[in-house]
K.L.:
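Questions regarding the structure given below will be posed in turn.
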Amino acid sequence: MSVLDLVRPEILALQPYSSARAEAGQAMVMLNANEAPWPPPGVQPETRGIPLNRYPDPQPRDLIARLAALYAVDPARILVGRGSDEAIDLLVRAFCRPGVDAIALSPPTFGMYAVCAATQGAARIEIPLGADFSIDAKALLDGLERSVKIVFLCSPNNPTGGEIGLAVIERITHALRDRALVIVDEAYIEFADLPSASSLLDAHENLGILRTLSKAWALAGARIGCLIARAEVVSVLRRIMPPYPLPTPSVMAAMAALTAEGMDLTRRRIALVIAERERMAIELARLPGVLEVLPSSANFLCVRFADAALVYRELVANGVIVRDVGRYPRLAGFLRISIGTREENSRLLEVLIRRVVSA
Ligand SMILES: *Cc1c(COP(=O)(O)O)cnc(C)c1O
């Protein structure tokens, strides 16, 4: 059996939209896409000579080459989208028949998996994380119904910060061969001491990995993320992807970041975030109103407070915004605190020490 057997039959059957850009080749006079023949008005962002009046390359070769080098994978295994969020949506659309198929996830986890499933009319099977917020592989495999087509594993997990070891991912993926796709969301893996699951792709065709430039690469505003999967899965998703998903300025911003110097700076920044995360975990755990700081492999800390609502209000009153994750299952009383600059982190600590602890 091939992973293509898991794809919705109507997706395999459809005739993809053929974009004008894909047909353009090396033409000098481009009258095929109803574009404007002149540049747009106003001062435009730097696009290094690529005119903004033209539709962008659907999957820019240069960008894919740099991402392939960065992630050490074959370029044919990369699909670039508007953030990894777009890949999540495309996966659910391609693999889950509305009203028939399902996704599986382990809450508390990232909210987009459930949103995309609901949008598609796919059911959601929830196998909660274990008592220590780690993935429970046995419970997960035992709990899966036949209808599950995609299992989302988030490592490091948002919002708890815990990671999933490669052996566990491999065990789950192997057990689900011929049955379901396993998608490992590695949005925060740069902050973890953990190898990427992409090394398992050669052995497991039902595996996919999500990576993004939004977190460690400081490009959340550019919306560039990707799916790393078998080439046949990438081709299937390209069939249903909107024709010109990647805005030229975003591609240029990513190209400008993905250089040797960019890599160097990013490496130093990641080290800084990790050092600050460890400092904040210790400092926060010392505060009287703090009940628990979950171990984190990401660029945030998930912290349980004696009075999270009070802490949240005091922080807001002092111009500091954190994320209230109390609505997630088992996270009542928790706030998720992103790691900022050293000054920003110290500011948060200051407010907590001055206002809350003394209250
Ligand atoms: C932030 C985040 C993403 C989304 O990343 P984009 O590439 O910006 O869409 C994906 N997964 C998780 C777990 C995240 O926290």
Side-chain angles (χ1 to χ4, degrees), residues 59 63-64 66-67 70-71 78-93 103-117 119 124 126 129 133-135 150-164 169 181-192 194 196-198 208-229 237 241-242 245-247 249-251 253-254 257-258 266 270 273 277 294 296-302 321-325 327-329 331 334-340:
Q59 290 289 294
L63 177 60
I64 288 190
R66 288 211 193 159
L67 290 170
L70 177 66
Y71 300 137
I78 293 189
L79 178 83
V80 191
R82 287 163 295 190
S84 42
D85 283 344
E86 180 168 36
I88 296 168
D89 186 53
L90 293 172
L91 283 163
V92 174
R93 285 180 196 281
I103 68 157
L105 69 171
S106 289
T109 192
F110 188 50
M112 278 308 288
Y113 317 134
V115 169
C116 293
T119 308
R124 184 167 95 227
E126 299 193 339
L129 294 177
F133 293 107
S134 68
I135 201 98
I150 306 177
V151 176
F152 285 101
L153 301 175
C154 191
S155 174
N157 187 44
N158 180 8
T160 57
E163 52 184 50
I164 309 173
I169 291 169
L181 214 52
V182 174
I183 300 299
V184 185
D185 188 340
E186 298 183 338
Y188 300 98
I189 196 163
E190 289 92 340
F191 305 105
L194 196 65
S196 168
S198 55
I209 294 97
L210 298 167
R211 302 289 304 250
T212 181
L213 299 184
S214 295
K215 310 284 165 47
W217 284 88
L219 277 166
R223 312 299 304 124
I224 302 279
C226 64
L227 170 75
I228 302 170
L237 298 190
M241 197 175 205
L246 305 173
S250 291
V251 173
L258 294 170
T266 298
I270 290 167
V273 168
R277 179 185 74 206
L294 298 186
S296 172
S297 303
N299 66 342
F300 55 80
L301 289 166
C302 199
I321 310 284
V322 296
R323 183 84 157 156
D324 183 353
V325 291
R327 71 203 144 80
Y328 285 84
L331 291 183
F334 279 90
L335 300 176
R336 190 192 65 196
I337 302 170
S338 302
I339 302 302

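Read the numbers this way: they start at 1 and go in the same order the structure lists the ligands and their atoms. All values derive from a computational prediction rather than experimental measurement. Heavy atoms only: backbone and side chains are in, while hydrogens, waters and symmetry mates are out.
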K.L.:
Nearest non-hydrogen contact with atom 12 (C) of ligand 1 belongs to which option: Ile88, Asp85, Asp185?
P.N.:
Asp185

K.L.:
Mind checking whether Glu86 has a heavy atom under 4.0 Å from ligand 1?
P.N.:
no

K.L.:
At less than 4.0 angstrom from any non-hydrogen atom of Thr212, what atoms of ligand 1 do you find?
P.N.:
5 (O), 6 (P), 7 (O), 8 (O)

K.L.:
Quick one: nearest non-hydrogen protein atom to atom 15 (O) of ligand 1, plus distance?
P.N.:
Tyr188 OH, 2.6 Å

K.L.:
First locate atom CD1 of Ile103, then atom CG of Leu91, and finally report the distance between them rounded to the nearest 0.5 Å.
P.N.:
10.5 Å

K.L.:
Select the closest option to atom 6 (P) of ligand 1 among Gly225, Ala87, Ser84, Gly221, judged by heavy-atom distance.
P.N.:
Ser84

K.L.:
Aromatic contact between Phe191 and Phe300, with the criterion being ring centroids under 6.0 Å apart: yes or no?
P.N.:
no

K.L.:
What protein heavy atom sits nearest atom 2 (C) of ligand 1, and how far away is it?
P.N.:
Lys215 NZ, 2.5 Å

K.L.:
Could you list which atoms of ligand 1 come closer than 4.0 Å to a heavy atom of Arg223?
P.N.:
6 (P), 8 (O), 9 (O)

K.L.:
If we only count heavy atoms from C-beta on, is the Leu90 to Met241 side-chain gap below 4.5 Å?
P.N.:
yes

K.L.:
Which atoms from ligand 1 have a heavy atom of Cys154 less than 4.0 Å away?
P.N.:
13 (C)

K.L.:
Measure the CG-CD1 distance between Leu153 and Ile209 for me, rounded to the nearest 0.5 Å.
P.N.:
10.5 Å

K.L.:
Answer with yes or no whether Ala220 contacts ligand 1, where contact means a heavy atom under 4.0 Å from a ligand atom.
P.N.:
no

K.L.:
Can you find a side-chain donor-acceptor pair between Tyr188 and Asn157 that sits under 3.5 Å?
P.N.:
no

K.L.:
Strictly by modelled atom types, are Glu163 and Ser155 linked by a side-chain donor-acceptor pair under 3.5 Å?
P.N.:
no

K.L.:
At a 4.0 Å threshold, what atoms of ligand 1 neighbour a non-hydrogen atom of Ser214?
P.N.:
6 (P), 7 (O), 8 (O)

K.L.:
When you compare ligand 1 with Tyr113, is there at least one nitrogen or oxygen pair between them that comes in under 3.5 angstrom?
P.N.:
no

K.L.:
Return the CD1 to SG distance between Ile64 and Cys226, rounded to the nearest 0.5 Å.
P.N.:
8.5 Å

K.L.:
Does any N or O in the side chain of Arg323 come within less than 3.5 Å of the main-chain N or O of Leu335, such that one atom is a donor and the other an acceptor?
P.N.:
no

